[in-house]
Amino acid sequence: MKITQVELLELQLPLVAFFETSFGRTVNRRIVLVRIEADGLAGWGEVTCGEQPFYNYETPETAWHILRDFLIPWALGSPWNTASDLALRFRPIRGHNMAKAALENALWDVEAQEKGVPIAKLLGGTTDEIACGVSIGIQNSIDELVAKVERELAAGYQRIKIKIKPGWDLDVIDRLRSRFPSVKLMADANSAYSLDDLDHLKLFDQFDLMMIEQPLGWDDLIDHAKLQRKLNTPVCLDESIHSADDARKAIEIGAGKIINIKLGRVGGYTSARQLHDVCWSAQIPVWCGGMLESGIGRAHNIALSTLRGFTLPGDVSSSRRYWKEDIIQPEVIISPRGTIRVPQNPGLGFSPDLDRIARATVRRESFR
Ligand code: OSB
Ligand code: MG
């Protein structure tokens with residue numbers, strides 16, 4: 001495959017409702033898309049970073065810089081046998097995984113189209129239907145949260161994740177647990193606590209949570225291992241895991257019992273699959289996380305979720321939970337069983353809606 005053109009697009013997309021985590025509230029998304037042309041085919045990828053460097057250090061600006069000045073020049077013009085060869089070429093660049101993933105994943109889209117298979121198949125996925133949960137942000141009141149949970153359960157979602165932070169945790173979970181005694185429930189702290197909060201964190205054990213996600217430092221493994229030894233609730237790692245090697249080390253020291261895999265955070269399909277394989281061998285369940293993606297990133301998440309180790313419902317949910325109009329056709333919909341069907345057509349399996357993309361675009365740059 002030879003990449004002859006790359007286009008970077010920045011889109012402004014308003015969320016249908018604000019999304020709040022322990023590190024802040026998002027109302028409008030700034031989304032960087034990568035469109036490549038290779039062998040006469042178009043492939044699409046999404047940079048899944050936040051607007052500010054609060055989840056990790058990447059932002060739309062750092063991604064644009066790394067793509068424009070390094071990744072795109074390295075990708076253009078050379079022949080690539082597989083998209084994974086491109087991932088290998090990117091390895092000398094430290095970090096910037098979300099920028100790398102957008103370009104690598106766009107090439108997976110092209111490779112899958114050339115081979116006439118969906119990305120899920122090319123990756124080695126084994127299912128045509130994935131299990132879905134929702135991630136519900138911090139709300140203005142517990143009543144509003146309860147109402148949202150009711151709505152999502154009625155739609156069929158298989159598990160509920162809520163965002164927590166000091167001051168929005170035990171009381172909230174207590175209310176939800178009393179109201180929904182048997183629902184699969186979990187909490188994501190996005191690094192809002194430290195080991196000083198150990199006594200407080202132990203109180204989470206009374207609520208039969210599926211897991212507590214990333215309670216401690218965004219780059220920590222050691223303290224998570226100390227915490228896991230004191231908790232019955234499984235610890236799930238998100239922010240701390242960037243590669244298969246990170247997963248191996250985390251498992252070795254007992255830093256958690258579950259891993260959330262995000263394509264952007266780990267640097268694309270090649271790394272995500274390696275990480276998945278490490279977890280599979282160690283019998284560590286994984287699930288696919290989300291980053292408030294547009295349809296492009298969402299479609300890639302669906303493909304990733306078909307690997308056999310993704311045994312827990314992920315944060316991959318319907319387009320309408322995020323957008324008035326998504327930028328792909330058809331939009332992602334949820335079945336009454338709380339599942340999403342994996343498209344069987346070649347490549348990404350959804351068509352980018354070029355009109356909607358054009359209307360939302362506020363910046364673009366072309367490279368050849
Ligand atoms: O930690 O999983 C997270 C959104 C933005 C940044 C970090 C996270 C999240 C989510 C949302 O939980 C998942 C989604 O619905 O896309
Ligand atoms: Mg998380």
Side-chain angles (χ1 to χ4, degrees), residues 13 15-31 46-60 97-98 101 130-139 145 148-149 151-152 155 157-165 168 185-193 209-220 224 234-242 250 256 258-266 286-302 304-305 312-323 326 332 334 338 340:
L13 286 177
L15 289 167
V16 293
F18 70 83
F19 188 84
E20 186 170 324
T21 68
S22 63
F23 56 72
R25 185 179 279 201
T26 306
V27 182
N28 292 299
R29 296 281 288 115
R30 279 178 72 186
I31 289 174
E46 175 168 339
V47 178
T48 62
C49 63
E51 289 65 37
Q52 296 106 346
F54 298 161
Y55 168 81
N56 67 359
Y57 58 76
E58 293 189 80
T59 70
N97 282 351
M98 291 169 167
I130 65 164
C132 306
V134 289
S135 172
I136 306 180
I138 294 165
Q139 304 297 310
L145 178 63
K148 282 215 163 173
V149 171
R151 218 175 312 140
E152 305 295 11
Y157 286 102
Q158 298 184 15
R159 73 100 168 95
I160 301 291
K161 158 171 145 182
I162 64 159
K163 292 293 192 178
I164 54 166
K165 65 176 182 182
W168 180 270
L185 186 63
M186 57 174 289
D188 185 357
N190 290 109
S191 299
Y193 302 90
L209 299 178
M210 288 178 87
M211 66 195 90
I212 179 168
E213 183 177 346
Q214 198 73 27
L216 309 180
W218 67 277
D219 57 351
D220 167 75
H224 279 99
V235 170
C236 170
L237 295 169
D238 174 355
E239 281 90 329
S240 303
I241 303 294
H242 310 101
I258 298 170
I259 292 179
N260 159 343
I261 303 184
K262 290 180 180 170
L263 276 167
R265 194 194 72 229
V266 309
V286 302
W287 53 277
C288 182
M291 290 296 292
L292 311 176
E293 287 93 342
S294 81
I296 304 287
R298 194 166 304 282
H300 283 295
N301 289 343
I302 293 168
L304 178 68
S305 304
L312 299 170
D315 279 347
V316 186
S317 58
S318 68
S319 297
R320 66 189 306 178
R321 294 190 62 250
Y322 305 84
W323 319 111
D326 203 344
V332 175
I334 186 89
I340 291 172

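All ligand and atom numbering here is 1-based and tracks the order in the structure. Just so you know, residue 1 is the first one in the sequence shown, and it goes up from there.
- Near E213, meaning under 4.0 Å from any of its heavy atoms, are these atoms of ligand 1: 2 (O).
- Here the CG atom belonging to D326 is positioned 8.0 Å from the CD1 atom belonging to I296, to the nearest 0.5 angstrom.
- Remark: ligand 1 atoms within the under-4.0 Å shell around heavy atoms of Y322 are 14 (C), 15 (O), 16 (O).
- Residues S318 and Y157 have side chains in contact (heavy-atom distance under 4.5 Å, counting atoms from C-beta outward).
- Scanning the protein for heavy atoms near atom 11 (C) of ligand 1, the closest one is F19 CZ, 3.5 Å.
- Residue D238 has at least one heavy-atom neighbour below 4.0 Å for each of these atoms of ligand 1: 1 (O), 2 (O), 3 (C).
- For atom 13 (C) of ligand 1, the closest non-hydrogen atom of the protein is G290 O, 3.4 Å.
- In terms of distance to the Mg ion (ligand 2), the nearest N, O or S atom of D188 is named OD2.
- Closest to atom 6 (C) of ligand 1 among all protein heavy atoms lies M291 SD, 3.6 Å.
- Proximity of Q214 to ligand 1, defined as any heavy-atom pair under 4.0 Å, is not found for any part of the residue.
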Let me see the working for S294 and Y322 under side chain to side chain donor-acceptor pair (under 3.5 Å), right down to the final yes or no.
CA-CA 8 Å; S294 81; Y322 305 84; over 6 Å; no
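- Judged by the shortest distance from any of its heavy atoms, R321 lies outside the 4.0 Å radius around the atoms of ligand 1.
- Looking at L292 next to ligand 1, an N or O pair under 3.5 Å apart turns up.
- In this structure, the side chains of I164 and Y193 come closer than 4.5 Å at one or more pairs of heavy atoms.
- With a 4.0 Å cut-off on non-hydrogen atoms, D188 touches ligand 1 through its side chain and not its backbone.
- A 4.5 Å side-chain heavy-atom check between E152 and R321 finds at least one atom pair inside the cut-off.
- For a distance bound of 2.8 Å, the N, O or S atoms of E213 include one lying that close to the Mg ion (ligand 2).
- Interatomic distance, I259 CD1 to M211 CE, rounded to the nearest 0.5 Å: 11.5 Å.
- With a heavy-atom cut-off of 4.0 Å, T26 does not touch ligand 1 at all.
- Among the backbone and side-chain atoms of D315, none of the N, O or S atoms lies under 2.8 Å from the Mg ion (ligand 2).
- The option from K262, R265, R29 that lies nearest to atom 2 (O) of ligand 1, judged by heavy atoms, is K262.
- Under a 3.5 Å cut-off, the side chain of S135 and the backbone N or O of K161 do not form any donor-acceptor pair.
- Closest approach between the Mg ion (ligand 2) and any N/O/S atom of D238 involves OD2.
- In this view, T21 and F19, F23, K163, N190 satisfy the side-chain contact (heavy atoms from CB on, under 4.5 Å) rule, not counting sequence neighbours.
- Using a 4.0 Å cut-off to heavy atoms of N190, the atoms of ligand 1 that qualify are 1 (O), 3 (C).
- Side-chain N or O atoms of Q214 include one that pairs as donor or acceptor with a backbone N or O of E239 at under 3.5 Å.
- Considering CE of M210 and CG of L312, their distance stands at 5.0 Å, rounded to 0.5 Å.
- With salt bridges taken as basic N to acidic carboxylate O contacts below 4.0 Å, one links D238 and R265.
- Within ligand 1, counting atoms from 1 as listed, the ones closer than 4.0 Å to a heavy atom of K163 are 1 (O), 2 (O), 3 (C), 8 (C), 9 (C), 10 (C), 12 (O).
- The contact set between ligand 1 and Y55, taken as ligand atoms under 4.0 Å from a residue heavy atom, comprises 7 (C).
- The existence of a salt bridge linking E20 and K165 is confirmed by a sub-4.0 Å separation between a basic side-chain nitrogen and an acidic carboxylate oxygen.
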